[in-house]
Amino acid sequence: MAKISDILQRGLSFSFEFFPPRTPEMEETLRTTLVELETLAPSYVSVTYGAGGTTRERTHEIVVDILRTTTMTAMAHLTCAAHTRAELVEIVTRYREAGIENVLCLGGDPPADLDLPPGELRYAVELVELVREIGDFSVGVAAHPEPHPKSPTRETDRYWTARKLEKADFAITQFFFEAEHYFDLVAGLRANGVDKPVLPGIMPATNLGSITRMAELQGSEFPMWLADKLYAVGDDKEAVREVGIAEATRLCQALLDGGAPGLHFYTLNRSTATREIFARLGLREGVG
Ligand SMILES: Cc1cc2nc3c(=O)[nH]c(=O)nc-3n(C[C@H](O)[C@H](O)[C@H](O)COP(=O)(O)OP(=O)(O)OC[C@H]3O[C@@H](n4cnc5c(N)ncnc54)[C@H](O)[C@@H]3O)c2cc1C
C-alpha cells in the first residue's frame with residue numbers, strides 16, 4: 001500500500017473511481033473491470049460510499065479486497081451524512097487496522113427519499129480533522145469547479161474549499177465539461193492561499209440520457225455545444241460513444257497542458273471508455 005500524498009509527489013497521477021455493486025451481475029462487471037484496469041497500472045483507485053445507503057459496508061470490503069488481491073493502491077470514500085461521530089471513529093479505525101492508508105473525506109448526499117437523521121459532523125472538513133486524529137492517513141477532499149449547488153456564491157465556495165483543502169493533502173473535483181471551470185477553481189484556491197494538488201474528475205459523456213441526469217443532480221452545466229454534437233449523431237450508440245470519448249480526450253489534454261497534476265476517471269465500473277482515453281492520450285510516462 002502507498003500514501004496518495006507520496007504518489008502525487010512523484011509525477012502525474014491517473015486514478016479510477018468505482019462504486020459498490022448492488023447485484024451479483026454488477027459484482028461480476030466490477031471484478032472484470034478491476035482486472036482490465038489494473039493493466040494500466042493506475043496511481044490509485046477509489047471506492048465510493050453510499051451516504052446513508054445500503055452499500056456502506058461494501059465500500060470497506062471492496063477497498064480491503066483491492067489491497068489484498070491486487071497491486072493497486074486503494075482509497076476509501078467516507079461521508080459525514082447520517083453518521084454519529086462514534087460510528088465514523090469506528091469505520092476509520094477499522095480502515096487503519098486493515099492497512100488502508102487513504103481516505104477521501106466528504107459531506108455526502110444521502111438519498112432524498114430516506115428519512116435519515118442528520119450527521120453529527122456538519123461539513124467534510126470536520127471529517128478531515130477526525131481522520132487525522134485516528135491515524136496517519138493521506139486525506140483527500142472534494143472540490144467543485146462549478147461551485148457546489150448549496151454554496152451561496154462562487155467566492156464562499158472557493159473560500160470554504162480552500163479552508164478544507166489546507167487541512168487535507170489533495171482534492172479531487174466533481175466532473176465538468178469545460179477546462180476553464182477547473183482552472184477557475186485552481187485560481188480561486190490559490191487566491192485563498194492554497195496550492196495543494198487538485199485532480200480533475202473526468203466523466204466521458206458516452207450516454208446522453210444518464211450524463212445529463214447526473215450533471216443536473218450535481219450542479220454541472222452540460223454545455224449546448226456538447227449536447228448538439230451528441231444529438232447530431234442521434235440514435236447511433238457507437239457514434240455517440242465516439243463523440244463522448246473524443247471530447248473527453250480533448251478535455252483531458254487541455255487540463256494536462258494547463259498544468260493539472262493528473263486525472264481522476266469516474267469509470268461507472270466499466271473499463272472501455274477509460275482505456276480508450278488512456279490510449280489516445282498516450283499515457284503512462286511520468287505517471288506517479
Ligand atoms: C471526487 C468526489 C467523490 C465523491 N464521492 C462521494 C461518495 O462516495 N459518496 C457520496 O455520498 N457523495 C460523494 N460525492 C459527492 C459529495 O458528497 C457532495 O458533492 C456533497 O454535497 C458535498 O460534499 P463536500 O465534501 O464537498 O462537502 P462540504 O465540504 O461539507 O461542503 C458542502 C457545502 O458546505 C459549504 N461549506 C463547507 N464548509 C463550510 C463551513 N465551515 N461553513 C459554511 N459552509 C461550508 C461548502 O462551500 C459547500 O457549499 C463526491 C464528490 C466528489 C467531487
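We count ligands from 1, going down the list as the structure has it; atoms in each ligand are counted the same way. Below, all heavy atoms of this structure are taken into account, side chains as well, without hydrogens, waters or symmetry copies. Keep in mind it's a predicted model, so treat the numbers as computed, not measured.
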Novice: With a 4.5 Å heavy-atom cut-off, do Val198 and Leu165 have their side chains touching?
Specialist: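 Yes, close enough: below the 4.5 Å cut-off.
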Novice: So is there a nitrogen or oxygen of Glu17 less than 3.5 Å from a nitrogen or oxygen in ligand 1?
Specialist: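 No - when backbone and side-chain N and O of Glu17 are compared with those of ligand 1, no distance drops under 3.5 Å.
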Novice: Does the Thr33 side chain pair with the main chain of Asn269, one donor and one acceptor, at a distance under 3.5 Å?
Specialist: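 Indeed, once roles are kept as given, a pair shorter than 3.5 Å links the two residues.
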Novice: Return a yes/no value for Ala142: is any of its N or O atoms, backbone included, closer than 3.5 angstrom to an N or O of ligand 1?
Specialist: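 Such a contact does not occur with ligand 1.
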Novice: Compute the shortest N/O to N/O distance between Gly107 and ligand 1 and return yes if it is under 3.5 Å, no if not.
Specialist: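 Yes, at least one N or O pair falls under 3.5 Å.
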Novice: For His264 and Tyr266, I'd like to know if the aromatic rings sit close, meaning centre-to-centre distance below 6.0 Å.
Specialist: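 Centroid distance His264-Tyr266: below 6.0 Å, so yes.
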Novice: Could you check if a side-chain atom of Arg270 sits within less than 4.5 angstrom of a side-chain atom of Thr267, using non-hydrogen atoms only?
Specialist: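 They are not in side-chain contact.
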Novice: In the structure I gave you, are the side-chain heavy atoms of Thr206 and Val240 within less than 4.5 Å of one another anywhere?
Specialist: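 SC-SC contact between Thr206 and Val240 ruled out.
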Novice: Closest by any non-hydrogen atom to atom 6 (C) of ligand 1: pick that one out of Thr48, Leu106, Leu127, Asp157.
Specialist: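 Going through Thr48, Leu106, Leu127, Asp157 one by one, Leu106 has the nearest heavy atom to atom 6 (C) of ligand 1.
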Novice: Run down the list Phe19, Tyr159, Tyr266 and name the one with the heavy atom closest to atom 1 (C) of ligand 1.
Specialist: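 Looking at heavy atoms only, Tyr266 sits closest to atom 1 (C) of ligand 1.
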Novice: What about Phe16 and Phe14, are their ring centers closer than 6.0 Å?
Specialist: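 Not close enough - the centres of the two rings lie 6.0 Å or further apart.
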Novice: Measure Val141 to ligand 1 on non-hydrogen atoms and call it side chain, backbone, both or neither using the 4.0 Å cut-off.
Specialist: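 None of Val141 does.
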Novice: Any nitrogen or oxygen of Thr173 lying under 3.5 Å from a nitrogen or oxygen in ligand 1? Just yes or no.
Specialist: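 The answer is no, given that Thr173 and ligand 1 share no N or O pair closer than 3.5 Å.
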Novice: Using distance alone, determine whether Ile172 and ligand 1 share an N or O pair under 3.5 Å.
Specialist: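 The answer is no, given that Ile172 and ligand 1 share no N or O pair closer than 3.5 Å.
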Novice: Any atoms of ligand 1 less than 4.0 Å from a non-hydrogen atom of Thr79? List them with their elements.
Specialist: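 Counting from 1, the qualifying ligand atoms are 9 (N), 10 (C), 11 (O).
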Novice: Would you say atom 31 (O) of ligand 1 makes contact with the protein, given that contact here means a non-hydrogen protein atom less than 4.0 Å away?
Specialist: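 Under the 4.0 Å cut-off, atom 31 (O) of ligand 1 has no protein heavy-atom neighbours at all.
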Novice: Which residue owns the protein heavy atom closest to atom 18 (C) of ligand 1, what's the atom, and how far is it?
Specialist: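 Answer for atom 18 (C) of ligand 1: Asp109 OD2, 3.2 Å.
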Novice: With a 4.0 Å cut-off, would you call Glu155 and Arg158 a salt bridge?
Specialist: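 Salt bridge: no.
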Novice: Identify the protein heavy atom lying closest to atom 48 (C) of ligand 1, giving its residue, its atom name and the separation to 0.1 Å.
Specialist: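 In this structure, atom 48 (C) of ligand 1 has Ser151 OG, 3.7 Å as its nearest protein heavy atom.
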Novice: At the 4.0 Å heavy-atom cut-off, does Gly201 count as touching ligand 1?
Specialist: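 It does not; every heavy atom stays at 4.0 Å or beyond.
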Novice: Students should be able to answer this: which protein heavy-atom is nearest to atom 17 (O) of ligand 1, and at what distance?
Specialist: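 Closest protein heavy atom to atom 17 (O) of ligand 1: Gly108 N, 2.9 Å.
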Novice: By number and element, which atoms of ligand 1 are closer than 4.0 Å to a non-hydrogen atom of Leu104?
Specialist: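 By the 4.0 Å cutoff, the relevant atoms are 3 (C).
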Novice: Please list, chain by chain and in numerical order, all residues satisfying salt bridge (Lys or Arg N to Asp or Glu O under 4.0 Å) with Asp157, sequence neighbours excluded.
Specialist: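 Here no residue qualifies.
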Novice: Are any of the side-chain heavy atoms of Val131 and Leu88 separated by less than 4.5 Å?
Specialist: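 The answer is no; the side chains never approach within 4.5 Å.
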Novice: What part of Tyr123 sits under 4.0 Å from ligand 1 if we count only heavy atoms: the side chain, the backbone, both or neither?
Specialist: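 Both the backbone and the side chain of Tyr123 come within reach of ligand 1.
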Novice: Taking distance alone, with no angle check, do His77 and ligand 1 share an N/O pair under 3.5 Å?
Specialist: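 N/O-N/O distance under 3.5 Å: yes.
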Novice: Which residue holds the protein heavy atom closest to atom 51 (C) of ligand 1, what is that atom called, and what is the gap in Å?
Specialist: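 That would be Gln174 NE2, 3.7 Å.
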Novice: Between Lys164 and ligand 1, is there a nitrogen or oxygen pair with a distance under 3.5 Å?
Specialist: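 N/O-N/O distance under 3.5 Å: yes.
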Novice: Check the pair Thr274, Ser271 against side chain to side chain donor-acceptor pair (under 3.5 Å), reporting the backbone distance first and the verdict last.
Specialist: CA-CA 6 Å; Thr274 309; Ser271 71; over 6 Å; no
Novice: Name all residues meeting the ring-ring contact (aromatic ring centres under 6.0 Å, His included) criterion together with His60; count only those two or more places apart in sequence or in a different chain, and write none if there are none.
Specialist: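 Partners of His60 by the ring-ring contact (aromatic ring centres under 6.0 Å, His included) criterion, ordered by chain and then number, come out as Tyr95.
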Novice: Below 4.0 angstrom from a heavy atom of Ala51, which ligand 1 atoms are there? Numbered from 1 as shown, please.
Specialist: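 Checking each atom against Ala51, I get 11 (O).
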Novice: Among all protein heavy atoms, pick out the one at the shortest distance from atom 9 (N) of ligand 1; state its residue, atom name and that distance to 0.1 Å.
Specialist: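 Result: Tyr49 O, 2.7 Å.
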Novice: Just so I know, are the side chains of Tyr49 and Ile91 near enough to count as touching, which here means a heavy-atom distance under 4.5 Å?
Specialist: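 Of all side-chain heavy-atom pairs linking Ile91 with Tyr49, at least one is under 4.5 Å.
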Novice: Applying a 4.0 Å heavy-atom criterion (strictly less than), which segment of His144 is in contact with ligand 1: side chain, backbone, both, or neither?
Specialist: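 Contact part for His144 vs ligand 1: side chain (C-beta onward).
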Novice: Determine, for Phe278 and Arg280, whether the Lys NZ or Arg CZ falls below 6.0 Å from the six-membered ring centre while staying within 45 degrees of the axis.
Specialist: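 No cation-pi geometry.
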Novice: Geometry only, no angles: is His264 polar-contacting ligand 1 at N/O separations under 3.5 Å?
Specialist: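 Not met; the criterion fails.
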Novice: If you measure from each non-hydrogen atom of His148 to ligand 1, which part falls under 4.0 Å: side chain, backbone, both or neither?
Specialist: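 Side chain only.
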Novice: Keeping the roles fixed (side chain from Thr59, backbone from Thr48), state whether a donor-acceptor pair exists under 3.5 Å.
Specialist: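 Yes, Thr59 side chain to Thr48 backbone: donor-acceptor pair under 3.5 Å.
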